[in-house]
Each structure stands twice: as structure tokens, then as C-alpha cells.
Asker: 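Below is the structure I would like to discuss, written out as C-alpha cells.
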Amino acid sequence: MGIKGLTKVIGDRCPNAIKSNEIKNYFGRKVAIDASMSIYQFLIAVRQQDGQQLTTESGETTSHLMGIFYRTIRMVENGIKPCYVFDGKPPKLKSGELAKRLERRKEASKSLEEAEELGETVDIDKFSRRTVKVTSEHNDECKKLLSLMGIPYVEAPCEAEAQCAALARDKKVYAAASEDMDTLTFSTPVLLRHLTFSEARKLPIGEIHLNKVLEGLNFTMEQFVDLCILLGCDYCDSIKGIGPQRAVELIDKHKSLEEIIRTLDPKKYPIPDDWMYNEARQLFLNPEVLDPKDIDVNGFILLYFH
DNA sequence: ACTCTTTCTCGAGACGAG
DNA sequence: CCTCGTCC
DNA sequence: ACATCGAGAAAGAG
């Protein structure tokens with residue numbers, strides 16, 4: 001789920017935190033990319049006309065490899081040096097969210113079976129895309145491909161987005177490139193959006209600067225994390241009846257979740273049972289990541305630019 | 001009538017020939 | 001430019 | 001045993 005409505009909040013309240021750039025502006029820059037997210041998109045999107053994935057003769061899926069291959073080439077052609085980051089174990093707090101997703105996939109599988117019995121090709125196509133999940137085989141195959149291409153990758157201990165942000169914070173890369181707004185909450189100083197397909201679709205690349213976001217909202221990083229929790233994140237519930245508008249107002253007025261809990265009328269806005277907001281906050285502020293100092297983000301591709 | 005939130009649904013790549 | 005078939 | 005997300009429309013609540 002990322003952070004619900006965060007893009008809109010930033011767009012509305014801190015428009016100057018977002019810059020639009022041509023891809024040319026990024027020549028020579030290193031960028032961290034969430035690999036699992038990309039693989040997922042390729043598995044869904046890279047299909048033939050009949051909706052089937054691309055496969056080898058023996059039936060093994062190759063859609064994710066095609067996608068990673070061409071996209072990476074495209075980036076390198078433009079002078080961008082990618083470093084892919086793979087997910088590790090999800091944090092325990094995420095299990096509730098993961099259970100929901102599993103449930104959703106099960107429902108899609110049922111709908112898929114029904115559609116297959118009825119021979120509704122449009123529905124078969126739709127639901128089969130919804131049952132997609134990234135396996136460790138997919139990940140391993142992509143790691144091997146990247147090795148062969150001379151592109152660096154990192155295996156994060158936990159959330160890939162957190163590791164991407166850590167790399168950017170430590171100046172190992174210029175930015176984290178992601179469509180997932182969590183990355184900002186993990187304190188990446190710069191977040192790039194639409195990096196991958198901008199050239200094909202003529203969309204400019206969006207560059208979001210965390211310090212401008214904090215300035216625009218007049219929040220500290222801690223307050224920004226609290227805001228993200230109120231908006232809705234993967235790690236804990238949010239408060240019913242509090243959406244983007246009230247969330248920003250509340251943090252503005254009370255400065256912290258503790259103070260909000262203390263003053264909110266529990267009849268109007270009941271606080272969730274066993275609310276793990278502080279644990280979620282710690283995950284964002286001190287995520288489990290590898291020390292960027294120990295990571296080599298230079299593949300041998302770098303040699304071409306030296 | 002209006003504002004805000006919640007829920008539901010949908011969609012997701014890249015290439016090159018013409 | 002764009003559309004459309006193809007990628008395995 | 002498990003692994004994604006955002007956007008927008010429509011409906012609902014206060």
C-alpha cells in the first residue's frame with residue numbers, strides 16, 4: 001500500500017518539493033532501484049496478445065528477464081548507473097498486511113478458475129495478472145542476469161525501500177528511484193519517479209526532495225513519519241475517520257502521535273486496539289539495513305565511463 | 001450542500017516496422 | 001509522430 | 001511460508 005495519498009499531500013502542500021527533469025539531466029548519476037517491485041511489474045505486464053507470459057521452450061517464464069534486460073540497457077544508454085536492491089525478510093509488523101494480500105490473491109485465483117470454466121478470455125487475462133507473485137526463483141534469475149551484465153545489486157536484510165534510502169542518504173547513489181512513496185518515509189533525500197519509462201512515454205521524471213517536503217509542511221522528520229503512519233502505511237492501522245486533511249492538521253497542531261492520542265476524542269476517533277504505532281515509527285526511523293559503507297554500488301559498467 | 005474518508009476497481013514493459 | 005504486432 | 005503499489009471514481013459518513 002505504500003503511504004496512502006502521500007503523493008497528493010505533497011503535490012497540494014509542497015509543490016516546490018517536486019521538480020520535473022529530462023532524462024538527460026541524470027547522465028552519470030547512480031540510482032538505487034527496488035528490484036522486486038520491478039520484477040513484479042514485468043511479470044504482470046510483459047505478455048503476449050493472448051495474455052500468456054513469455055516462456056522458454058520448456059515453459060519457464062522469461063518475462064521478468066526481458067523486462068530487466070531491456071530497461072537496464074535503456075538506463076545505461078542514458079548514462080544512468082543502476083544498483084538494484086532485492087527484498088529480504090519482511091518485518092513482523094507487516095504480517096497483517098501480507099495476510100490481506102494473500103487473501104486478495106486467493107480471491108483472484110477463484111475468479112480465475114470461474115473465468116476459465118466459462119471461457120471468458122478477457123477475465124482470464126485480468127485475473128491471471130492479479131494472481132502473480134514474485135518467487136525466489138524469479139529473484140535468483142534476475143540476480144544472475146545482472147551479474148552477467150555487470151550491474152551491481154544488493155540483497156537487503158529487510159525492506160528494499162529502506163536499503164535504497166540508506167544508499168541515497170549515504171551518498172552512495174544520487175537518489176532512490178521508485179514509484180513507492182515509502183522510500184521517502186525511510187528518509188531518502190531524493191526520490192525519482194517515472195524514471196524507467198519516461199523516454200518511451202514522454203513523461204518527465206519527477207524528482208521529490210525530502211528537505212523541501214519537510215520545509216513545505218514545516219515538520220521535522222519525526223513528525224513526517226508520524227504523518228505517514230496517520231495517512232496509512234503497511235505496518236499498522238490508521239485511525240478511522242482521519243484522512244489526509246485531518247492528519248496534516250493534527251500533526252501540525254499536536255506535533256506527535258502521543259499528543260494526538262492524548263487529546264483526540266475517542267468517541268469520534270477510536271484509537272485502534274494494540275496500536276503498534278511506535279514500533280512502526282521505529283521501523284521507519286531505524287530500519288534494518290546493511291551499512292552502505294560495506295556496499296559496492298559500482299558494477300564494471302562504471303569502467304565505460306571512466 | 002459540503003468536506004473528508006473509505007471502498008472498490010483497475011492497471012501496471014519495451015521494441016521496431018510501417 | 002502514432003499503432004500495432006512481437007518479444008520467448 | 002511468505003514477498004507491490006498508486007490513482008481515481010463512487011459511495012458513505014458527519
Side-chain angles (χ1 to χ4, degrees), chain A residues 1-12 34-50 52-75 77 86-92 94-108 111 122-123 125-139 155-156 158-161 178-183 193-202 206 230-234 237-250 265 267-269:
Chain A
M1 253 172 42
I3 308 296
K4 229 178 274 173
L6 181 56
T7 308
K8 197 161 182 306
V9 169
I10 293 175
D12 291 348
D34 178 353
S36 308
M37 177 73 203
S38 310
I39 293 170
Y40 187 84
Q41 284 179 336
F42 291 134
L43 286 175
I44 289 173
V46 181
R47 308 251 169 166
Q48 302 180 57
Q49 298 226 301
D50 61 3
Q52 297 293 107
Q53 289 169 322
L54 307 184
T55 62
T56 60
E57 278 178 89
S58 52
E60 292 159 273
T61 300
T62 52
S63 294
H64 53 307
L65 297 170
M66 291 285 292
I68 292 266
F69 186 67
Y70 284 115
R71 181 180 285 181
T72 305
I73 286 174
R74 163 61 58 102
M75 280 192 273
E77 266 176 358
F86 288 84
D87 264 322
K89 289 175 187 173
K92 282 174 195 154
K94 209 173 179 178
S95 56
E97 178 63 25
L98 295 181
K100 279 187 209 163
R101 289 176 192 169
L102 177 63
E103 194 54 39
R104 243 175 278 156
R105 268 210 311 283
K106 274 186 186 164
E107 277 174 29
S111 307
V122 178
D123 285 352
D125 193 7
K126 187 166 81 183
F127 291 123
S128 72
R129 286 173 203 250
R130 248 177 247 179
T131 58
V132 163
K133 76 175 176 190
V134 179
T135 66
S136 51
E137 286 77 25
H138 294 133
N139 280 327
E155 302 185 280
C158 195
E159 297 275 54
E161 298 300 344
S178 175
E179 305 313 305
D180 180 353
M181 296 301 286
D182 279 13
T183 321
R193 310 199 73 203
H194 319 128
L195 178 66
T196 51
F197 43 83
S198 62
E199 192 157 73
R201 292 210 201 157
K202 292 275 184 257
L230 279 184
L231 289 173
C233 67
D234 289 345
D237 290 327
S238 51
I239 303 174
K240 291 275 178 203
I242 307 286
Q245 305 294 328
R246 291 198 255 270
V248 174
E249 281 165 29
L250 283 172
D265 178 357
K267 283 168 202 156
K268 260 190 181 174
Y269 302 110

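Every chain is numbered from 1 and lettered A, B, ... according to where its sequence line falls, protein lines coming before strand lines. The analysis underlying the following values was restricted to heavy atoms, covering all of them including side chains, and did not include hydrogens, waters or symmetry mates. The model shown is predicted, which means the values in this text are computed figures rather than measured ones.
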Asker: Taking the minimum atom-to-atom distance to the side chain of A/M66, which one of D/dG6, B/dA12, C/dC8 wins?
Answerer: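 That would be C/dC8.
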
Asker: What does A/K89 touch in the nucleic acid at a heavy-atom separation under 4.0 angstrom: a base, only the sugar-phosphate, or nothing?
Answerer: nothing

Asker: Consider the side chain of A/A45, meaning its heavy atoms from C-beta on, and name the nucleotide among C/dC8, B/dA12, B/dA14 that approaches it most closely.
Answerer: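 Among C/dC8, B/dA12, B/dA14, the one nearest the side chain of A/A45 is B/dA12.
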
Asker: Contact class for A/G67 vs. all strands (heavy atom < 4.0 Å): base, sugar-phosphate, or nothing?
Answerer: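 The answer is nothing, as A/G67 stays clear of every strand by at least 4.0 Å.
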
Asker: For A/L65, report the nucleic acid contact type (base, sugar-phosphate, nothing); a contact means any heavy atom under 4.0 Å.
Answerer: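 It contacts nothing in the nucleic acid.
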
Asker: If you check the A/K133 side chain, which of D/dC5, B/dG13, D/dA3 turns out closest?
Answerer: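 The listed nucleotide nearest to A/K133's side chain is D/dA3.
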
Asker: Pick the P atom in D/dG6 and in B/dG13, then give their distance to the nearest Å.
Answerer: 15 Å

Asker: Looking only at the side chain of A/I44 (C-beta and beyond, no hydrogens), which of the listed nucleotides B/dT6, D/dT4, D/dC5 gets closest?
Answerer: D/dT4

Asker: Taking atom C1' in both C/dC8 and B/dT7, compute the distance separating them and give it to the nearest angstrom.
Answerer: 39 Å

Asker: Please tell me which of the listed nucleotides, B/dT5, C/dC8, B/dC15, lies nearest to the side chain of A/R74?
Answerer: B/dC15

Asker: In whole Å, what is the span from the CG atom of A/D34 to the C1' atom of D/dG6?
Answerer: 14 Å

Asker: As a test of reading the structure: which of B/dA14, C/dC7, B/dC4 is closest to the side chain of A/R246, going by heavy atoms?
Answerer: B/dC4

Asker: For A/T7, answer base if it contacts any base atom (sugar-phosphate contacts may also be present), sugar-phosphate if it contacts only those atoms, and nothing otherwise; contact means non-hydrogen atoms under 4.0 Å.
Answerer: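 Sugar-phosphate only.
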
Asker: Does the side chain of A/H194 reach to within under 4.5 Å of the side chain of A/E179, using non-hydrogen atoms?
Answerer: yes

Asker: Less than 4.5 Å apart, any side-chain heavy atom of A/V46 and any of A/H64?
Answerer: no

Asker: From the list D/dC5, C/dC8, C/dT6, which nucleotide is the closest neighbour of the side chain of A/Q49?
Answerer: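 The listed nucleotide nearest to A/Q49's side chain is C/dT6.
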
Asker: Whole angstroms only, please: what is the OH-P distance between A/Y40 and B/dG11?
Answerer: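 After rounding, the gap between these two atoms is 14 Å.
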
Asker: Please give, in whole Å, the distance from D/dC5 P to A/M181 CE?
Answerer: 13 Å

Asker: Take the protein atom NZ of A/K92 and the nucleotide atom C1' of D/dC2, then report the distance between them rounded to whole Å.
Answerer: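 That distance rounds to 15 Å.
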
Asker: Can you check the A/I3 CD1 to D/dG6 P distance for me, whole Å?
Answerer: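 Rounded to whole Å, this separation is 8 Å.
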
Asker: Identify the two heavy atoms, one from A/P244 and one from A/L231, that lie closest to each other, and give their separation to 0.1 Å.
Answerer: CA-CD2, 3.6 Å

Asker: B/dC15 C1' sits how many Å from A/I73 CD1, rounded?
Answerer: 11 Å

Asker: Would you mind reporting whether A/R193 and A/T7 have side-chain heavy atoms less than 4.5 Å apart?
Answerer: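 A/T7 vs A/R193: side chains touch.
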
Asker: Look at the side chain of A/T61 and the backbone N and O of A/S63, then say whether any donor-acceptor pair between them is shorter than 3.5 Å.
Answerer: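 No, A/T61 side chain to A/S63 backbone: no donor-acceptor pair under 3.5 Å.
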
Asker: Please determine, for the side chain of A/T55, which listed nucleotide (C/dC8, D/dC5, B/dG13) has the closest atom?
Answerer: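 Selected nucleotide: C/dC8.
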
Asker: C/dC8, D/dC5, D/dA7: which one has an atom nearest the side-chain heavy atoms of A/M37?
Answerer: D/dC5

Asker: Taking atom C1' in both B/dA12 and D/dA1, what distance in whole Å separates the two?
Answerer: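 Pairwise C1' distance, B/dA12 against D/dA1, rounds to 26 Å.
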
Asker: As a test of reading the structure: which of B/dC4, D/dA7, B/dA14 is closest to the side chain of A/R193, going by heavy atoms?
Answerer: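 Nucleotide nearest to A/R193's side chain: D/dA7.
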
Asker: Is a donor on one side and an acceptor on the other found under 3.5 Å between the side chain of A/E161 and the backbone of A/D34?
Answerer: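 No; zero donor-acceptor contacts below 3.5 Å.
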
Asker: Taking only N and O in the side chain of A/R71, is any of them less than 4.0 Å away from OP1 or OP2 of B/dA14?
Answerer: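 Yes, within the criterion.
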
Asker: When all nucleic acid strands are considered with a 4.0 Å heavy-atom cut-off, which category describes A/E60: base, sugar-phosphate, or nothing?
Answerer: nothing

Asker: Under 3.5 Å, side chain of A/R71 to main-chain N/O of A/T196, donor-acceptor pair present?
Answerer: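 A pair under 3.5 Å: no.
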
Asker: NE2 of A/H138 versus P of D/dC2: gap in Å, rounded?
Answerer: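 My rounded result for the distance is 16 Å.
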
Asker: Just how far, in rounded Å, is C1' of D/dT4 from CZ of A/R130?
Answerer: 14 Å

